[in-house]
Amino acid sequence: QVQLVESGGGLVQAGGSLRLSCAASGSIFSINAMGWYRQAPGKQRELVAHITSGGTTTYADSVKGRFTISRDNVKNTVYLQMNSLKPEDTAVYYCNAIIIKGSIAPKPVLTWGQGTQVTVSS
């Protein structure tokens, strides 16, 4: 059983910062791409940031220059540093990873975390 657990969400004033963490656990052979998504009330889930196994990053235009995604392959953890937060950043943030599960017969598993609430007040 492979799972992702997010942490670090909370309430912050506009202009403030939060650091989200997402740790993978279970029978993991390797982890390919990892990413952060968010879903605000009444809106569809959207990609926020993405990082490849080699460390190449991409960002949604709405967060470029403010958010930074990184990963620690030893800890099997992906982070999202969020600076200069805006009220429109308010959403449930989910981490996602393509995890290669097992070792004898490895197979890729698209895995989602449970989500962590980020609320940015005016």
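Quick note: numbers below take in every heavy atom, side chains included, and nothing from hydrogens, waters or symmetry partners. Because the structure is predicted, anything quoted here is derived from the model rather than measured.
Put simply, NZ on Lys75 and OG on Ser25 are 15.0 Å apart, with the number rounded to the nearest 0.5 Å. Distance check: Cys22 SG to Met34 CE gives 5.5 Å after rounding to the nearest 0.5 Å. One finds the CG atom of Asn76 at 8.0 Å from the CD1 atom of Ile99 (value rounded to the nearest 0.5 Å). Atoms NE2 and OG1, on His50 and Thr56 in that order, are 9.5 Å from each other to the nearest 0.5 Å. Here the CD atom belonging to Glu6 is positioned 10.0 Å from the CG atom belonging to Asn96, to the nearest 0.5 angstrom. Summarising the geometry, atom CD belonging to Gln114 is positioned 13.5 Å from atom OG belonging to Ser7; distances are rounded to the nearest 0.5 Å.
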Check your understanding: Are Gln1 and Lys101 close enough, and set up right, to give a side chain to side chain contact (heavy atoms under 4.5 Å, CB included), and what steps lead you there?
Key -> CA-CA 9 Å; Gln1 303 295 98; Lys101 182 180 179 181; 4.1 Å; yes
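Proximity of Leu20 to Thr116: side-chain heavy atoms (C-beta onward) are separated by under 4.5 Å at one or more points. A heavy-atom distance below 4.5 Å is found between the side chains of Ile51 and Val78. Within the 4.5 Å cutoff, the side chain of Val2 has no heavy atoms near those of the Val109 side chain. Between Tyr94 and Arg38, the closest side-chain pair of non-hydrogen atoms is not below 4.5 Å. Proximity of Thr58 to Lys64: side-chain heavy atoms (C-beta onward) are nowhere separated by under 4.5 Å. Looking at Phe67 and Leu85, their side chains come closer than 4.5 Å, going by heavy atoms from C-beta outward. In this structure, Ile28 and Ile100 have side chains that are not in contact, with every pair of non-hydrogen atoms separated by 4.5 Å or more. Side-chain contact check for Gln3 versus Val5: some heavy-atom pair is nearer than 4.5 Å.
The two atoms that bring Pro108 and Ile98 nearest to each other are CB-CG2, 4.2 Å, heavy atoms only. Taking each heavy atom of Pro87 and Ser122 in turn, the nearest pair found is CG-OG, 3.7 Å. Closest approach of Gly8 and Leu18 over heavy atoms only: O-CD2, 3.9 Å. Nearest approach of Ile31 to Ser53, heavy atoms of both residues: O-CB, 4.1 Å.
Proximity of the aromatic rings of Trp112 and Tyr37 is defined here by a centroid distance below 6.0 angstrom, and this criterion is met.
The number of heavy-atom neighbours closer than 6.0 Å to CD of Gln39, taken from other residues, nucleotides and ligands shown, is above 12.
No side-chain donor-acceptor contact under 3.5 Å links Thr90 to the backbone of Thr119. A donor-acceptor pair under 3.5 Å is formed between the side chain of Arg66 and the backbone N or O of Ser84. The backbone N or O of Ile69 sits less than 3.5 Å from a side-chain atom of Tyr59, completing a donor-acceptor pair.
Under 4.0 Å is where a charged nitrogen must lie from a carboxylate oxygen, and between Asp89 and Lys86 no such pair does.
Between the side chains of Asn83 and Ser17, a donor-acceptor pair is found at a separation under 3.5 Å.
In terms of hydrophobic clustering, with Ile, Leu, Val, Met, Phe, Trp and Tyr side chains grouped at heavy-atom distances under 4.5 Å, Leu80 and Val12 are assigned to a common cluster.
Seen from the ring of Tyr79, Arg71 does not count as a face-on cation partner, given the 6.0 Å and 45° thresholds.
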